[in-house]
Amino acid sequence: MKLKRAKKVIAGLLAAMAAAVVLGAVWANPVFAAAAVILLLVLISYSFSQWRCPHCGEYLGWVGKGIQLCPFCHERLDQEA
Ligand SMILES: [Zn+2]
């Protein structure tokens with residue numbers, strides 16, 4: 001499990017989703033709105049499967065982005081298991 005890579009993928013998906021939302025709003029194009037919804041679903045499913053503590057495997061949640069220690073096992077999140 002690579003938490004750093006997961007963080008980058010999640011950030012990339014968020015950026016792509018934001019771009020789709022902006023483009024959909026600017027051009028009033030339902031294709032971009034649909035793309036934004038799909039990206040959101042991908043983001044949620046990827047987050048649930050990959051955004052987990054590398055030590056105990058617990059889901060870190062949306063508040064876990066800035067924390068250093070796992071709230072479940074209190075291991076450091078920047079050190080891969
Ligand atoms: Zn943990």
Side-chain angles (χ1 to χ4, degrees):
M1 184 173 306
K2 296 277 177 249
L3 203 58
K4 281 176 187 165
R5 195 192 63 184
K7 198 178 280 187
K8 281 181 186 168
V9 172
I10 289 170
L13 284 169
L14 272 174
M17 189 182 71
V21 168
V22 169
L23 288 174
V26 168
W27 291 338
N29 191 331
V31 172
F32 285 104
V37 171
I38 291 167
L39 282 166
L40 179 64
L41 293 175
V42 171
L43 182 65
I44 290 170
S45 59
Y46 184 86
S47 168
F48 265 108
S49 64
Q50 298 296 320
W51 186 247
R52 291 179 178 276
C53 173
H55 304 281
C56 67
E58 286 287 343
Y59 178 60
L60 295 171
W62 296 105
V63 291
K65 297 259 186 305
I67 59 175
Q68 298 292 314
L69 299 174
C70 172
F72 301 98
C73 66
H74 303 289
E75 293 283 345
R76 291 188 63 88
L77 293 174
D78 54 3
Q79 290 171 355
E80 302 284 342

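FYI, the numbering just counts along the sequence from 1. Whatever order the structure lists ligands and atoms in, that order sets their numbers, starting from 1.
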When rounded to the nearest 0.5 angstrom, what is the spacing between CG in L43 and CD1 in I38?
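One gets 13.5 Å once the value is rounded to the nearest 0.5 Å.
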
Of V21, I44, L13, which is the lone residue that meets side-chain contact (heavy atoms from CB on, under 4.5 Å) with L39?
L13

Got a sec: is H74 within less than 2.8 Å of the Zn ion (ligand 1) via an N/O/S atom?
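Within the cut-off used here (under 2.8 Å), H74 places no N, O or S atom near the Zn ion (ligand 1).
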
For the metal site, I want the angle between atom SG of C53 and atom SG of C70 with the Zn ion (ligand 1) at the apex, to 10°.
100°

Angle at the Zn ion (ligand 1) (to 10°), with one arm to SG of C56 and the other to SG of C73:
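Result: 110°, to 10°.
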
Would you please indicate if the ring centroids of W51 and Y59 are separated by under 6.0 Å?
no

Return the minimal non-hydrogen interatomic distance between L77 and P54, and the atom names on each side.
CD2-CD, 3.9 Å

